[in-house]
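Reviewing the structure listed below.
Quick note: numbers below take in every heavy atom, side chains included, and nothing from hydrogens, waters or symmetry partners. Read the numbers this way: they start at 1 and go in the same order the structure lists the ligands and their atoms.
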Amino acid sequence: MDCIFCKIAAGEIPCKKIYEDERVLAFFDIQPQAPVHALIIPKTHVASADELTAQTAGVAADVFGAVPKVARACGLTRGYRVITNVGEDGCQSVRHLHCHLLGGRKLPEEMG
Ligand code: 5GP
Ligand code: ZN
């Protein structure tokens with residue numbers, strides 16, 4: 001499958017790794033939008049949160065379960081924001097489920 005995040009998860013494309021376990025990988029975004037901008041992806045391909053089912057909900061749990069580990073590894077002691085973009089209106093550019101973890105400064109109150 002021609003999916004850039006599957007290739008990163010497989011080690012075929014390099015990344016600046018923050019955290020990894022058997023089910024998820026976290027790495028720094030190539031175009032950071034905050035002082036800390038991490039991405040957390042499942043190693044299993046799910047296109048977006050909109051594709052989740054009762055059978056694959058564990059994939060989302062794996063990603064969210066890694067959030068505090070990634071936040072601690074990045075030194076985000078004052079809070080942060082977790083975002084997952086979905087589809088066209090959500091401006092999702094990579095069709096492999098991922099969470100953005102943004103922090104390192106006071107973020108704008110506006111979210112949409
Ligand atoms: P989306 O727009 O789908 O919510 O987020 C995709 C994110 O992936 C973007 O913030 C983009 O900068 C990041 N990204 C795209 N390609 C790569 C890559 O090859 N390496 C890394 N580290 N980040 C990438
Ligand atoms: Zn993928």
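Atom 19 (O) of ligand 1 has its closest protein heavy atom at Ile4 CD1, 3.5 Å. Scanning all protein heavy atoms for the shortest distance to atom 23 (N) of ligand 1 gives Ile30 N, 3.3 Å. Protein heavy atom nearest atom 18 (C) of ligand 1, with residue, atom name and distance: Ile8 CD1, 3.9 Å. In terms of protein heavy-atom proximity, atom 22 (N) of ligand 1 is nearest to Phe28 O, 2.9 Å. Considering only non-hydrogen protein atoms, atom 7 (C) of ligand 1 sits nearest to Asp29 OD2, 3.4 Å.
When each of Asp29, Ile18, Leu39, Ile40 is paired with Leu101, the side-chain contact (heavy atoms from CB on, under 4.5 Å) condition holds for Ile40 and for no other.
Distances below 4.0 Å separate heavy atoms of Gln92 from the following atoms of ligand 1: 3 (O). Proximity to Phe5 (heavy-atom distance under 4.0 Å) selects the following atoms of ligand 1: 8 (O). Every atom of ligand 1 with a heavy atom of Phe27 under 4.0 Å away is listed here by number and element: 21 (C), 22 (N). Atoms of ligand 1 lying under 4.0 Å from at least one heavy atom of Leu39, given by number and element, are 8 (O), 13 (C), 23 (N).
The closest approach between a heavy atom of Cys15 and any atom of ligand 1 is not below 4.0 Å. Remark: distances from the non-hydrogen atoms of Val94 to ligand 1 include one below 4.0 Å. Residue His98 places a heavy atom less than 4.0 Å from ligand 1. The closest approach between any non-hydrogen atom of His100 and ligand 1 is below 4.0 Å.
For the pair Asp62 and Pro42, the minimum side-chain heavy-atom distance is 4.5 Å or more. Using a 4.5 Å heavy-atom cutoff, the side chains of Ile83 and Met111 are not in contact. The closest side-chain heavy-atom distance from Leu97 to Phe5 is not below 4.5 Å. Between Thr44 and Arg23 there is no side-chain heavy-atom pair separated by less than 4.5 Å.
Residue-environment remark: CZ (Arg105) exceeds the threshold of 12 foreign heavy atoms within 6.0 Å. Within 6.0 Å of the CD atom in Glu22, the count of heavy atoms belonging to other residues, nucleotides or ligands exceeds 12.
Expressed to the nearest 10°, the angle at the Zn ion (ligand 2) joining ND1 in His96 with ND1 in His45 is 100°.
Of the N or O atoms in Cys91, one or more lie within a sub-3.5 Å distance of an N or O in ligand 1. Note: no N/O pair closer than 3.5 Å links His37 and ligand 1 by distance alone.
Residues Val24 and Lys43 share a closest heavy-atom pair of O-CE, 3.7 Å.
Taken to the nearest 0.5 Å, the SG atom of Cys74 stands 11.0 Å off from the NE2 atom of His37. Distance check: His96 NE2 to Ser48 OG gives 11.0 Å after rounding to the nearest 0.5 Å. Atom NE2 of His98 is separated from atom CG of Asn85 by 6.0 Å, given to the nearest 0.5 angstrom.
Of the listed residues (Ser93, Ser48, Cys99, Pro32), the one carrying the non-hydrogen atom nearest atom 3 (O) of ligand 1 is Ser93.
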